[in-house]
Amino acid sequence: EAIQLLHSMATVNPNGTPVYVDTLMAIASSEAGALAFEESLRNESKLAQQALNALNQTETDAALLLRYNAYAPDKAGPLIRRILSEQGPEMAFVAWFSLLPSSDAVGFAWPYDPKFLGGSAPPPFAWNVSRDAELQLQGGLYASHSGRGKQRIQYAQQTILLSPGLYTLLVEMDGKVERDAAFFEWTVTCLEDGELIGRLPVKSLD
């Protein structure tokens, strides 16, 4: 009943949203309110999603957070990044993997979503695509750069976990690159210290 009242109040008086979100967070953090909060998430309540976004920053019960984020895995990025920062990449990956659709979990391999088809999994273990690039409807990543200026633009990034060993980076690209102009480059760096492990400059395309 309290959650229903909060939704009604948010409709009548949107200016009170921060107070409603705080109240909803308190309800969601209580054992008695968990099921009702889940129902709001299931119904795609914007107020519930705002509360969940805030809980992802403050709540310490990881199991409860993963339970809630299962209703909106595409918005769980802040939670995964928080676990990555506080507990390291292994624990962050375990939490991220628990939110994957079963169809993606079966036969999982790196990189995730190699054909840039998009999906519900959040970064950093899925592609984080910048505003300078876009996913194509048929799959693939489109990026364009005028070459002006000296800035480096990062179009897509993904954190992957690899055991020590030898690996081959195989990339399929097409398009146009002007001779002696700016070029595209794939790089692999260490997550902890940013050390460059490997690079694949792409200076010609057809």
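For clarity, every value in this text was computed on a predicted model and none was experimentally measured.
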Around [X], counting heavy atoms of other residues, nucleotides and ligands shown, do more than 12 lie under 6.0 Å from its [atom1]?
X	atom1	value
Phe97	CZ	yes
Leu137	CG	no
Glu86	CD	yes
Glu192	CD	no

For [X] versus [Y], what's the shortest heavy-atom pair and its separation?
X	Y	value
Ile80	Pro124	CG2-CD, 3.6 Å
Val129	Glu134	CG1-N, 4.4 Å
Tyr71	Arg42	OH-NH2, 2.9 Å
Gln50	Val21	CB-CG2, 3.9 Å
Ala48	Phe37	O-CZ, 3.5 Å
Gly118	Leu135	CA-CD1, 3.9 Å

Closer than 3.5 angstrom, by distance alone: can the side chain of [X] be matched with the main-chain N or O of [Y] as a donor-acceptor pair?
X	Y	result
Gln136	Gln138	no
Ser29	Ala26	no
Trp127	Tyr112	yes
Tyr155	Phe184	no
Asp193	Glu195	yes
Ser85	Arg81	no
Arg82	Asn56	yes
Ser130	Gln154	yes
Glu185	Arg199	no
Asn69	Leu65	yes

Check whether any side-chain heavy atom of [X] lies under 4.5 Å from a side-chain heavy atom of [Y], and answer yes or no.
X	Y	value
Leu200	Val188	no
Ile27	Leu6	yes
Leu191	Leu84	yes
Thr159	Phe125	yes
Ile197	Thr189	no
Met25	Glu59	no

- Message: Please say yes or no: joined through hydrophobic side-chain contacts below 4.5 Å, possibly via intermediate residues, are Ile153 and Met173 part of one cluster?
- Response: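 Same cluster.
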
- Query: If two hydrophobic side chains count as joined below 4.5 Å and joins carry through other members, does Leu117 share a cluster with Leu99?
  - Reply: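 Looking at the clustering, Leu99 is in a separate group from Leu117.
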
Would you be so kind as to tabulate the donor-acceptor pairs closer than 3.5 Å made by side chains of residues 163-170, with sequence neighbours excluded?
| unit_1 | atom_1 | unit_2 | atom_2 | d |
| --- | --- | --- | --- | --- |
| Tyr167 | OH | Ser163 | N | 3.4 |
| Tyr167 | OH | Ser163 | O | 2.7 |

- For Gln49 and Asn53, does a side-chain donor sit closer than 3.5 Å to a side-chain acceptor?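 On atom types as modelled, these side chains qualify, holding a pair under 3.5 Å.
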
How far does [atom1] of [X] sit from [atom2] of [Y], to the nearest 0.5 angstrom?
X	Y	atom1	atom2	value
His7	Asn43	NE2	CG	8.0 Å
Gln157	Thr187	CD	OG1	8.5 Å
Ile3	Ser45	CD1	OG	8.5 Å

- Query: So Ile83 and Trp96, side chain to side chain contact (heavy atoms under 4.5 Å, CB included) or not? Walk me through it.
  - Reply: CA-CA 10 Å; Ile83 299 174; Trp96 178 84; over 6 Å; no

